[in-house]
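This report refers to the structure that appears directly beneath it.
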Amino acid sequence: MFSSFNISASAMTAQRLRMDIISNNIANIDTTRTEEGGTYRRQLPVFEERRNRPFSFFLSEKMKGRKDGGVQVSAVIEDQSPFKTIYNPSHPDADEDGYLAMPNVDIVTEMVDMIDASRAYEANVTALNSLKNMSLKALEIGKG
Amino acid sequence: MINPVNNLNLDNNFLEKNSLDKKDSLSFSEILKESISKTDELIKESDKLTEAFTLGKIDDIAQVTIAQEKAGLALNLTLAIHNKLIEAYQEIMRIQL
Amino acid sequence: MDPLINLLQKGLEGAEMRHRALLDNLANVNTPGYKRKDVDFLSTLKQEAQRNDQLKNSMKTTDDRHIMTAVEKEKPFKNLNIHNTSYRNDKNNVDIEYEMAELSKTELYYLTLAQHISNKFAALNNVIEKGGK
């Protein structure tokens, strides 16, 4: 039963990371200069079923007849959709024709994503609490 | 002691069924037997409901929990009657003739 | 021991396994390609209850020449992997609302069974303690 707590915990961690990424996107919505040079590219988390455990974990779980569960963010990738170009010749980062590449971050999309992440996070908190209730109740068996 | 027994409707039904004169004292063993069989009935009923709930055939939690409480109470009552009767018996046996 | 206690215990096990599958679904609500998992423990429980009945009946053979009714072996709970539905572009078929509802149901079922097992043990202890005085 304890490994079930890890499932919910992994979900909360993943959603939290997703929210951080979204916040970063929003913060950099106007960034035209990054460390690598060039305009900021929107970042996305890649969700995957959690498998990255040491072998001993798999062995013990298999012996109990269970598979590990939960989620992990296995990578943070950049959204390859094109930059938004605007015409702004007075900007220092504009190219020779006066066009400026702005980050491919759309505030509305990010907000919707943020709400979705928040909802998923809350759902997993509720799930964790329900598991806790069950465990506490099982503890009370036989206490009269 | 009389009040809880009344709530189970033991001596009311019992007297009518056996048309005993109320002045005669009821046999202790008969009270106990009646109580045990009622308790057994309630326990069987509660077990049936619990099994039905476990198998997903019913989903009324209140009904199942109340049935278990009734059975538990009946059991406690029967135990209490049993113990009191034994106490009374021992008390009587101690009377020096 | 009361066969009902065994049944209740199996019910608790099944409910816990189902709860775990639902937790996994909730954790992977955003995972592309993930298909929801479930555990069908009620059907196994029903078979177990039938098996209990069979055991009770099979003990009634009064002669060695009578044939014992076949009793099915204990089966593990069925793990389900629901593949054929998809309602999002990323092929994920987890619906948060449905999972939350099923989670609540499973939790209530578990809590009720735990309470009942507790009561059964309490009753047994009661009889042992008080009956012995």
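Order of the sequence lines fixes the chain letters, A, B, ..., with proteins taken first and strands second; residue numbering starts at 1 for each chain. Owing to the predicted nature of the structure, the values given are computational and were not obtained by experimental measurement. What you see below is based on every heavy atom in this structure, not just the backbone, and it leaves out hydrogens, waters and symmetry mates.
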Discussion item. Rounded to the nearest 0.5 Å, what separates atom CG in C:Leu103 from atom CE in A:Met134?
Written reply: 8.0 Å
Practice prompt. Could you tell me which of C:Glu99, C:Met100, C:His19, C:Lys120 has the largest number of non-hydrogen atom pairs under 4.5 Å with chain A?
Written response: C:His19
Worksheet item: Around atom OH of A:Tyr99, are there more than 12 heavy atoms of other residues, nucleotides or ligands at under 6.0 Å?
Response: no
Discussion item. With a 4.5 Å cut-off on side-chain heavy atoms, are C:Asn28 and A:Phe47 touching?
Written reply: no
Response to the item:
When rounded to the nearest 0.5 Å, the distance separating OG of A:Ser4 from CE of C:Met17 is 10.0 Å
Discussion item. Please enumerate all residues that pass salt bridge (Lys or Arg N to Asp or Glu O under 4.0 Å) together with A:Asp79, with sequence neighbours excluded.
Written reply: A:Arg42
Discussion item. For the interface with chain A, which of C:Leu12, C:Asn25, C:Asn30 has the highest count of heavy-atom pairs at distances below 4.5 Å?
Written reply: C:Asn30
Discussion item. What part of C:Leu22 gets within 4.5 angstrom of chain A, counting heavy atoms only: side chain, backbone, both, or neither?
Written reply: neither
Worksheet item: Any side-chain heavy atom of A:Val71 within less than 4.5 Å of one from C:Val29?
Response: no
Item to complete: Could you check A:Asn133 against C:Glu107 for side-chain hydrogen bond (donor to acceptor under 3.5 Å, both in side chains), going step by step and ending with a plain yes or no?
Response: CA-CA 8 Å; A:Asn133 282 341; C:Glu107 182 189 352; 3.2 Å; yes
Worksheet item: What distance do A:Asn124 atom CG and C:Ile96 atom CD1 have between them, rounded to the nearest 0.5 Å?
Response: 7.5 Å
Worksheet item: Going by heavy atoms in the side chains, are C:Arg20 and A:Ser3 under 4.5 Å from each other?
Response: yes
Worksheet entry | Heavy-atom contact with chain A under 4.5 Å, split by part of C:Gln115 | both
Worksheet item: For C:Lys46, does the NZ atom sit with more than 12 other heavy atoms under 6.0 Å from it, leaving out its own atoms?
Response: yes
Discussion item. For A:Gly69, is there any backbone N or O sitting under 3.5 Å from a side-chain donor or acceptor partner on C:Asp24?
Written reply: no
Worksheet item: Roughly how far, to the nearest 0.5 Å, is OG of A:Ser130 from CG of C:Leu23?
Response: 6.5 Å
Fill in: Side-chain heavy atoms of A:Ile141 within contact of C:Asn119, under 4.5 Å
no
Discussion item. Is A:Leu131 in contact with chain C via its backbone, its side chain, both, or neither, using a 4.5 Å heavy-atom distance?
Written reply: both
Discussion item. Counting only non-hydrogen atoms closer than 4.5 Å, does A:Ser8 touch chain C with its backbone (N, CA, C, O), its side chain (CB onward), both, or neither?
Written reply: side chain
Response to the item:
Rounding to 0.5 Å, atoms NZ (A:Lys137) and OH (C:Tyr110) come to a distance of 11.0 Å
Worksheet item: So which residues of residues 11-24 of chain A are in contact with chain C at a heavy-atom cut-off of under 4.5 Å?
Response: A:Ala11, A:Gln15, A:Arg18
Worksheet item: Run the salt bridge (charged side-chain N to carboxylate O under 4.0 Å, His left out) check on A:Glu49 and C:Lys35 step by step: do they pass?
Response: CA-CA 11 Å; A:Glu49 278 188 79; C:Lys35 299 295 180 192; over 6 Å; no
Practice prompt. Could you check if a side-chain atom of A:Glu48 sits within less than 4.5 angstrom of a side-chain atom of C:Pro32, using non-hydrogen atoms only?
Written response: no
Worksheet item: What option among C:Asn125, C:Leu113, C:Leu111, C:Thr106 has the most heavy-atom pairs under 4.5 Å with chain A?
Response: C:Leu111
